[in-house]
Structure formats: structure tokens, C-alpha cells
Amino acid sequence: MATNRRARHDYEILDTVEAGIQLRGSEVKTLREGRASLQDAYAEVERGEVVLHMQIPTYSHTGYEGHEPNRPRKLLLHRKEIDQLARRVAERGLTLVPLRLYFKQQLVKVELGVAKGRRAYDKRQAIAQRDAAREMDRVRKVRSRSG
């Protein structure tokens with residue numbers, strides 16, 4: 001439904017966690033329309049809860065103001081998972097980045113990544129490695145056709 005493609009470029013994803021998300025009805029309807037963006041979204045641990053900060057536009061087919069677009073949304077995780085995420089974020093300087101927003105049956109789920117920020121030279125290095133791997137695959141494919 002919605003992916004954060006920029007996250008894999010800007011961050012090194014160390015681990016991923018699937019979490020439920022607490023939404024209102026009009027927010028779910030908006031997500032079903034495909035009108036969600038994880039562009040500037042982030043998650044953090046506040047007072048023992050994991051909270052997702054993202055924008056979900058208001059539902060277009062209603063005559064009233066359904067929900068506040070920028071409100072923080074609680075993520076549904078087990079206590080052990082919350083404690084583990086809080087510990088990792090606090091001690092190692094990592095961050096929680098939403099990678100995907102999707103439906104699993106009728107429920108909305110968020111894939112959170114425990115991530116470490118990349119510096120500019122790390123980004124260039126990752127791009128160079130990806131390009132080299134792509135070139136190797138291309139050469140392998142050409143050789144297998146001619147052989």
C-alpha cells in the first residue's frame with residue numbers, strides 16, 4: 001500500500017518488526033483509497049508506548065472532518081518487544097523508521113525498521129556496490145546466453 005523507499009537509502013536497516021496500528025474508521029478508509037505517505041514519517045518510544053508520527057489525509061467522501069491528519073498513532077506491540085526496541089534505540093543511538101504500511105487480511109500493519117543513519121560516503125559506497133552487483137549479473141546473463 002505505502003512504502004518508504006527513501007529509508008533504505010538513508011538508513012542501514014538492522015532489524016524489522018511488524019506492528020499493528022491503532023486507527024479511526026476514516027483513517028482506514030483513507031488508507032484503502034491508497035492515500036498514505038511515509039515520506040516524513042517516524043516512530044519513537046514515548047512513556048512506554050511506540051508512537052508513529054505520519055500524515056494520513058482526511059477521508060474524501062465525507063461531509064465532516066473525520067480525523068486530524070497529523071495526530072500521533074499508537075503502535076500495537078507486545079510489552080517485551082516495546083522494551084527491547086526502547087533499549088536498542090536508547091543505548092546504541094538507533095532510530096525507528098517505518099518501512100511499509102500494508103493490509104494483512106483486514107488489519108493495517110506497519111513494518112518498522114530499527115535503523116542506523118548512513119553518512120554521505122556510506123550512501124555512495126552502497127550505490128557503488130549495488131551497481132557492481134547489477135553489472136556482474138548482466139555479464140553473467142550475457143555469458144550464459146552465448147555459451
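Since we're looking at a predicted model, the values are computed, not measured. Each residue takes its place number in the sequence, starting with 1.
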Compare every heavy atom of [Y] with every heavy atom of [X], then report the nearest pair and how far apart it is.
X	Y	result
G20	K109	CA-CD, 4.1 Å
F103	V108	CE2-CG2, 3.3 Å
I82	G48	CG2-O, 3.6 Å
R73	M54	NH1-O, 2.9 Å
E27	R24	OE1-N, 2.7 Å

Just how far is it from atom [atom1] of [X] to atom [atom2] of [Y], taken to the nearest 0.5 Å?
X	Y	atom1	atom2	answer
L75	E81	CG	CD	11.0 Å
M136	K141	CE	NZ	14.5 Å
L52	I21	CG	CD1	5.0 Å
L96	R88	CG	CZ	9.5 Å

Under a 4.0 Å threshold between the charged nitrogen and the carboxylate oxygen, would [Y] count as salt-bridged to [X]?
X	Y	answer
R87	D83	no
D137	R140	yes
E49	R47	no

Can you check whether R71 reaches I56 side chain to side chain, under 4.5 Å on heavy atoms? no

Sole residue of I13, L38, T3 in side-chain contact (heavy atoms from CB on, under 4.5 Å) with L99: I13

